[in-house]
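Scroll down for the structure; my scribbles are underneath it.
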Amino acid sequence: MVGKWEKVLWRKQAYPDNYIPRGIFLASLQKNPNWRPYTYWPLVVLSCSITQHLAVIFIFLAVFVRLKEQTLDPRFLVCLSIVSFSVGYAIWHALDRRLSVSEPVTHRLSGPQAAQKGNTHVGFADLKAFRSAVMMFLALMSLSPVLRTLTAATSSDSIWALAAVLFSLNALLSDYTVIRQDNAQEGLSSVLSTNAAVSASVVLASRLSSDVSVFSLMLFSIQSFALFPFLRRRLQSLSIVVWLLISLGMGSLAVWLFANLSSMVMWLIASVLVFVTFVAPAILLWAQRFKNIIRGPWDVAVPKVN
């Protein structure tokens with residue numbers, strides 16, 4: 001009489017090693033485990049980070065065109081950048097204070113010592129931010145004559161192509177996730193994205209005619225591609241209404257800046273922003289029906305550590 005089959009290999013049985021009874025064949029098959037279906041409007045909200053990033057690129061390009069055609073005063077752009085930096089730092093400081101207040105009570109100190117420690121920390125952070133801003137301001141001002149003649153021997157067609165490639169890399173490699181931890185480190189792709197945007201700004205600034213225009217464009221570039229992403233992630237963790245209003249305002253500003261430059265480019269930019277915000281989530285929602293991940297006992301074992 002043949003004994004009962006057991007799923008072990010260390011015991012001698014009257015069955016071949018690859019034998020499986022009909023009753024349990026594919027019984028442990030799992031399709032799409034741990035999968036949650038997407039819904040449309042949450043995807044639209046998440047896609048707003050991409051929309052904002054593309055809007056920043058379009059706004060920067062519009063500012064560059066106006067500086068090149070000398071329809072925008074570079075001194076006005078410098079003043080606007082300084083005001084934007086001050087407002088952005090104030091918003092960051094207010095959000096930082098709000099997050100510190102929302103911490104658990106067990107993680108916060110109380111009494112005069114806590115107030116004194118908090119004031120000292122805030123004062124040191126403000127001083128450090130002011131010193132960094134002044135150093136960046138002076139460095140860009142001293143490098144402006146060099147950047148203006150950096151690509152003097154290169155044709156403009158090569159500059160436009162290189163800038164297009166670098167901005168495309170910036171959009172593809174940018175980090176669009178929400179980071180709520182202050183100690184979270186930037187990934188390699190995010191660093192490469194920032195470097196690509198700054199490099200594109202450098203090659204475009206070399207096409208301008210004056211040192212003041214180069215300085216104003218590079219200052220605006222640092223704020224747009226190096227500083228604003230940090231504030232954008234902090235704002236993304238707040239109210240959804242505020243996040244949608246920011247996306248709508250930045251997209252409208254990008255379209256409006258190109259309205260007087262080229263109507264065709266304006267409609268192209270508007271189409272890209274609408275596609276990324278509303279059409280792309282619908283395509284992803286339609287494509288999720290074809291998701292088919294099969295899991296079973298034949299897969300490599302995954303250790304579970306408590």
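Linking Ile, Leu, Val, Met, Phe, Trp and Tyr residues whenever their side-chain heavy atoms come within less than 4.5 Å leaves Leu43 and Ile240 in two separate clusters. Transitive grouping of hydrophobic side chains (ILVMFWY, heavy atoms separated by less than 4.5 Å) brings Leu257 and Trp267 into a common cluster. Using a 4.5 Å cut-off between side-chain heavy atoms of Ile, Leu, Val, Met, Phe, Trp and Tyr, with links allowed through other members, Trp92 and Val87 fall into the same hydrophobic cluster. At a threshold of 4.5 Å between side-chain heavy atoms, the hydrophobic network of Ile, Leu, Val, Met, Phe, Trp and Tyr places Val78 and Met135 in two separate groups. Leu54 is not connected to Leu248 by any chain of hydrophobic side-chain contacts under 4.5 Å among Ile, Leu, Val, Met, Phe, Trp and Tyr, and they are in different clusters.
Asn170 contributes no side-chain N or O that, together with a main-chain N or O of Leu166, makes up a donor-acceptor pair within less than 3.5 Å. No donor-acceptor pair under 3.5 Å is formed between the side chain of Ser174 and the backbone N or O of Ala171. The main-chain N or O of Ser190 is never found under 3.5 Å from a side-chain atom of Asp175 such that the two would form a donor-acceptor pair. Of the possible donor and acceptor atoms, none in the side chain of Gln236 sits under 3.5 Å from a partner among the backbone N and O of Ser49. With hydrogens and angles disregarded, no donor-acceptor distance shorter than 3.5 Å links the side chain of Ser224 to the backbone of Ser221. Judged by distance alone, the side chain of Tyr40 and the main-chain N or O of Phe278 form a donor-acceptor pair under 3.5 Å. Remark: the backbone N or O of Ala139 is paired with a side-chain donor or acceptor of Ser142 at under 3.5 angstrom. Judged by distance alone, the side chain of Trp243 and the main-chain N or O of Leu235 form no donor-acceptor pair under 3.5 Å. Checked by atom type and distance alone, the side chain of Arg148 never pairs as donor or acceptor with a backbone atom of Leu143 at under 3.5 Å. When atom types are taken as modelled, the side chain of Gln223 and the backbone of Ser81 share a donor-acceptor pair closer than 3.5 angstrom.
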Steps toward side-chain contact (heavy atoms from CB on, under 4.5 Å) verdict (Ser201, Met218): CA-CA 7 Å; Ser201 304; Met218 290 305 303; 4.1 Å; yes

From CA spacing to verdict: side-chain contact (heavy atoms from CB on, under 4.5 Å), Tyr176, Leu46: CA-CA 9 Å; Tyr176 301 106; Leu46 291 176; over 6 Å; no

Stepwise side-chain contact (heavy atoms from CB on, under 4.5 Å) test for Leu61 and Phe167: CA-CA 10 Å; Leu61 293 177; Phe167 275 127; 3.8 Å; yes

side-chain contact (heavy atoms from CB on, under 4.5 Å) between Phe275 and Ile283, intermediate numbers included: CA-CA 10 Å; Phe275 178 84; Ile283 295 176; 4.0 Å; yes

Stepwise side chain to side chain donor-acceptor pair (under 3.5 Å) check, Asp157 with Ser155: CA-CA 5 Å; Asp157 294 338; Ser155 63; 5.4 Å; no

Chi angles and distances behind the side chain to side chain donor-acceptor pair (under 3.5 Å) call for Arg207, Ser156: CA-CA 8 Å; Arg207 299 287 98 178; Ser156 297; 3.1 Å; yes

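Minimum interatomic distance between Tyr38 and Leu285 (heavy atoms only, all atoms of both residues): O-CD1, 3.1 Å. Across all their heavy atoms, Ser47 and Pro281 have their closest contact at OG-CG, 3.9 Å. The minimum heavy-atom distance linking Val203 with Ala200 is given by the pair CG2-O, 3.0 Å. In plain terms, the two heavy atoms of Ser216 and Leu67 that are nearest each other are OG-CD1, 3.9 Å. The two residues Phe258 and Ala62 have their closest heavy-atom pair at CE1-CB, 3.6 Å.
Here CD of Gln70 is found 9.5 Å from NZ of Lys68. Values are rounded to the nearest 0.5 Å. The CD atom of Gln52 lies 12.5 Å from the CD1 atom of Ile57; values are rounded to the nearest 0.5 Å. Atom CD1 of Ile82 sits about 7.0 Å away from atom CG of Leu219, to the nearest 0.5 Å. To the nearest 0.5 Å, atom CG of residue Leu72 and atom CD of residue Glu69 are 11.0 Å apart. A distance of 9.5 Å separates CG in Asp211 from CG in Leu147, rounded to the nearest 0.5 Å. Summarising the geometry, atom CG belonging to Leu253 is positioned 4.0 Å from atom CD1 belonging to Ile59; distances are rounded to the nearest 0.5 Å.
A cation-pi arrangement, defined by a distance under 6.0 Å to the six-membered ring centre and an angle within 45 degrees of its axis, is present between Arg233 and Phe230.
When only modelled atom types and interatomic distance are considered, Thr277 and Thr51 share a side-chain donor-acceptor pair under 3.5 Å.
Taking the six-membered ring for Trp and the full ring otherwise, Phe228 and Phe220 have centroids separated by 6.0 Å or more.
With contacts defined as side-chain heavy-atom distances shorter than 4.5 Å, the pair Ile293/Lys31 does not qualify. Looking only at side-chain heavy atoms (C-beta outward), Arg66 and Leu77 stay at 4.5 Å or farther from each other.
Of the candidates Pro145, Ser210, Ser144, Ser144 is the only one forming a side-chain contact (heavy atoms from CB on, under 4.5 Å) with Phe215.
Relative ring orientation between Phe85 and Tyr89 is described as parallel, the plane-to-plane angle staying below 30° on a 0-90° scale split at 30° and 60°.
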